[in-house]
Structures are given as structure tokens and as C-alpha cells.
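Each remark here refers to the structure printed beneath this line.
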Amino acid sequence: MRNVRLWKSGVGLLFDRRAEVGKPMIFRLSRPLDIDPAGRTLLDIEEIADYVRKAAGALHTAGIGPGDRFAVYKDNHFDCLLLAAAGIRIGAVPVMLSGLLPHDSVRPLLQRVEPKLLVSSRRLLTGKGSDVNALSAFTERTLCLDSGLPGALDFADLYGSSDPVPAPRRDDELMMLTHTSGTTGIPKLIMYTPAKLQGQMARLECRHLPPITFRRGDTVAMSTPYVHARAFTWIYSVLTLSPGKVLLVSDSDPQVVGPLFRQHRPTVIEGLPIDFARLEKLAEEREHNVFSSVRMFVGNFDAVRWSTIRTFLNASRHPFPLWREGYGQSETGGLGMTFITRRTANKRREEQAGPRTVGRPMPGFVQLKVVDPETFRPVRNGRPGLVLARTKARCIGYYREPERWSEKLVGEWWNTGDIGIKTRSGALKLLDREVNHTPGISWLEQEDVLVDRLPVGHDVALLPVPDGPPVPVVATPDGRLDKEQWARAVRGLPAFAEPVVIAFPDMPRTGTGKIIREELRRRFLSGAEHPGTGRWT
């Protein structure tokens, strides 16, 4: 199979090999790449392959070679992935850090990994009045994507240096590090090898499985953290299945996305929950409906709110649009998948019986089981318990934190830290993270119902405590909550404490848009304990 040969070549050579195939695939960008001196927004695969070769030359000239670790810490865009591919091409190991991470998280990660080179920008290195040495002190050299930063190498001066001989990593060698969301503190660094990332995580998605994978005539839009492993498995599927046009979105601001989608109507869109939430107003426009041609929406990283799913499926004019929801973790890749139709989405959330179904395990790839959190013995179908997963795609560890990795292993099984229910048909219903779980109820389900009942632009995080009702933190467009609307929203639901109301932008989120509940606890609960143990978070 051609895609197997591409996997064995390593991600750094993947763009070269795809360019050789000669299929005219066009990439349109929401803004120019930060590594492109020409400032282009229309690219073909040969031009993208050229970026990788030239960036590989720049990294090599900066002193990076086989086995060296280098950190990429920059604003989100597709060139995060290209810089990683450039390093992997010459045998180096990229450490991918989201540009949304604060210095307080980046410093300990750099200290842990000791990179030989840090690739970043002036804004991130000197942001909020920080001294550039605050981050550069943990690396031998700093390569700045802007020019003129004292003490740093200029990327423009090195870009286009001669491309060294490729040195792809072996299947069992460390190829890349990315970080977890960091919802409970300093993120962990996940270790990926070619065998795991390319040979396993990307394998299922690269198969031609209509209607749930790409077609040749598709216009595919992607909005994601391009430092995340999800971006790498996604690009494998794009380069293998060859949709006609790819729209690369670096910012889900409607003012950015709207003009791009009006000119190039997407047929498949993937994004984070926060991306879809930001674009919801755009989906309500009827005169210039940019989502009319979409046949499939894809949600990843977290479940998208029910009301948001309804809005987008109703915006599509396709006769049978689908919402594809993925369940998985960074350490394991995809564990399950489910589909929501327009008919299902148009039922109110409270009409759906019990917690939301997040997926069924992929046959032949993944096994899921639900066990008692204390004894680890399997529980009967329909009973809640801790979700364990077995998959060949499971990564090889947390970098320099083997004890945290071992804590989550149960023989061949991976402890997800989720509490769920397995149905007779094999579907998984998710209740809560174990740290937030209260027996007999799903707070995630209650959040879903509340958001479905509140107006567009509202979000809710329920913070359960051991000895009282959960505290709702309600984010609204203007930081104010209508008391009558709230009273209608909570009618018939369990008792809640008085809501804490904040403006939508003030809701603390990770680089993947997940709500940082620990930060909300620090702000509003004065250190109140969790109902769960938090042992596997």
C-alpha cells in the first residue's frame, strides 16, 4: 500500500513523497505562514514540501542534528507542523508547545526536556514584559521567527540553507513530544514513535471509508492546535486520501473564517468545541450561509455542546449531514466514534435518555471495558465504572515522568480516568472525569442540558463538592445573567448553588479550548475538595 510506504518514510519525508504522486491538491490559508517570507496564502503540495526542506536546512544550520531535541513554541498555524516535519526529516526530535501556554508552564517543560534549540517569536519570548532570557536560559540557542531579537538567531538568515541528507527515525525511536492539555497543572509530555503515531494512530483514518473519510472532491477545512498529535494524524489522512482543496484555519474568529468560507465553501469541517462555539453566530446567518455545502462536521478533543451541534447541522443544506464525534486521548489516539444526525440533534438534550454516547470502539483496533475503581474488576453492562482501553496505538510514556505513566497502566490496559457506562450494544456513555464524579449523577449531562436551555453564547462549568450542591460557573457574552432565564434553565434539574457569573472570554481554557476547572476552583471555591480521588487525572 502506498500509505504504508509513506509511514515508513517518516513524517519529514511525507510531503516529498506526496508531491511525487502529482495529484493537484490546493491548500488555502487563513493567513500567511510565519515561516514564509513571500506571505502566500495559496499553496500546492510541492511548495509545502519545499518549505519543509528549507526549514530543515535552517534547523541544521542552527546546529540541530539526529537525536537532538528542539522546542517549537509559536503562534498557532500550519507551520508548527511543518517545522516539526523539518526536524524529523533530519532525525531531530521536536518538542511541540502551544503558543497559548503561559511562561509558567513553558519554563518547567523546557527545563524537563533540555532542548538544544528553541524556535519561537519575539512576541512569545518577550510577552507581558518578560525577559527573553526567562525561556532562552533553558536551551543552548534560540531561533527567532522575527528578526532583530538580541541574543537570538534570525530564522530569515538561515531559511533556505542547503537541505541536509534525510535521516528518518526508526520505527521504535522517539520521534516527537507533545504536551497534554494541562487542565490540572503543568502539562505532561507524551512520547511518540513512528510505529505509534504513523503506523497505528493514523492507520484507520487513512482508509477510504465513505462517507466518514475524505473524498477526492471534498473541500476540507481544519481548525486545530497544529502542535498536537491530532494535526499529524490528520495530515496523513489528507495526503493519503487527497481531497481537492484544504482550508487551513489558524484562528476561529468569525471575521477570519467567514471570508475564507464564503470564497471556498467547505464540505467537511473539523474543529475544537471552542472553535464551533465561536462560529455559532456565523452558522445562524441565512443570507450568506457558509456552511450550506457541509456534509460532515467533525468534533475532537471534547464533546461539543448539543445546542451547537444542532445549529450547524441545521445550517447545512446537504440532504443528510452528519456530525462525527471522536472519543480518545492524546496518549492513545482515537478510542471510539459516534455519529449524530440532524434528526437526532433537533431533539432537546433532556429528551435524550441519560449521559451522552461518546462512541463505540473501533473493531479490530480498540477494546474498552468498564471496571470498579477500587478492585479493577469488570462491572456489568449498564453499571458505572472506570473506563479502561486497550489499543496498539498507546504511546510509550511521559517524558521523564515514568511514575505518572505507570500509575495509569493496568497491564495491557490504559486507565482513561473517565467514569462511564458500557451498553449492551458496546457503546460507551460518559458520565464524568473520575476526579469530578458524584455517584448517581452525571454533571457533564447536566451541563449539556443547561447550555441547551440557555441562549446562544452561554457556557456552564459545574464544580461538584463533597458536602453540598455543585457550584455553576456561567460564562455569558457580557458577564451578566438574566435571573428568569437561569430559573427556567434549572427547572426540574438537581439543586445547584448560586451561580458564579463571568464574561465568556474570562472562562479559563487550555490550548485545546477545554475549561480549566482547577483554575475555577482556585478562584471561586477556596480550595474545596473534589468528590473523586483525582488519582488518574
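With hydrogens and angles disregarded, no donor-acceptor distance shorter than 3.5 Å links the side chain of Y226 to the backbone of S98. The backbone N or O of T311 lies less than 3.5 Å from no partner atom in the side chain of N314, so there is not a single donor-acceptor pair. Looking at R169, its side chain does come within 3.5 Å of a backbone N or O of L174 through a donor-acceptor pair. R390 contributes no side-chain N or O that, together with a main-chain N or O of K369, makes up a donor-acceptor pair within less than 3.5 Å. The closest donor-acceptor contact from the side chain of S30 to the backbone of S250 lies under 3.5 Å. The main-chain N or O of F297 is never found under 3.5 Å from a side-chain atom of R324 such that the two would form a donor-acceptor pair. Of the possible donor and acceptor atoms, one in the side chain of N346 sits under 3.5 Å from a partner among the backbone N and O of R342.
Using a cut-off of 4.0 Å between Lys/Arg side-chain N and Asp/Glu carboxylate O, D418 and R433 are scored as salt-bridged. With respect to D253 and R278, no salt bridge is recorded, no charged nitrogen being found less than 4.0 Å from a carboxylate O. By the 4.0 Å N-to-carboxylate-O rule, R305 lies close enough to E447 to be salt-bridged with it. The pair D218-R215 does not count as a salt bridge, with every side-chain nitrogen at least 4.0 angstrom from each carboxylate oxygen.
Considering only residues two or more places apart in sequence or on other chains, W405 meets the ring-ring contact (aromatic ring centres under 6.0 Å, His included) condition with Y398, W414.
Ring pair F78/W234 is perpendicular by interplanar angle, where above 60° counts as perpendicular and below 30° as parallel.
Contact detail for A283 and R286: the closest heavy-atom pair is O-NH1, 3.2 Å.
Interatomic distance, R394 CZ to T332 OG1, rounded to the nearest 0.5 Å: 10.0 Å. Atom OG of S242 and atom NE2 of H208 lie 11.5 Å apart (nearest 0.5 Å). Here D171 contributes atom CG and Q198 contributes atom CD; the two are 7.5 Å apart, rounded to the nearest 0.5 Å. Rounding to the nearest 0.5 Å gives a distance of 10.5 Å between OG of S316 and CZ of R295.
Each of D79, V246, L42, L43 was scored for a side-chain contact (heavy atoms from CB on, under 4.5 Å) with L29, with one residue passing: L43.
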**OP:** Please report the C-alpha distance between R509 and D459 in whole Å, then the side-chain angles of each, then the deciding distance to 0.1 Å, and finally whether the salt bridge (charged side-chain N to carboxylate O under 4.0 Å, His left out) criterion is met.
**Re:** CA-CA 12 Å; R509 298 182 186 272; D459 202 359; 3.0 Å; yes
**OP:** Check step by step if salt bridge (charged side-chain N to carboxylate O under 4.0 Å, His left out) holds for R230 and E205.
**Re:** CA-CA 11 Å; R230 172 60 197 146; E205 196 170 359; 2.7 Å; yes
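Residue-environment remark: CD (E401) exceeds the threshold of 12 foreign heavy atoms within 6.0 Å.
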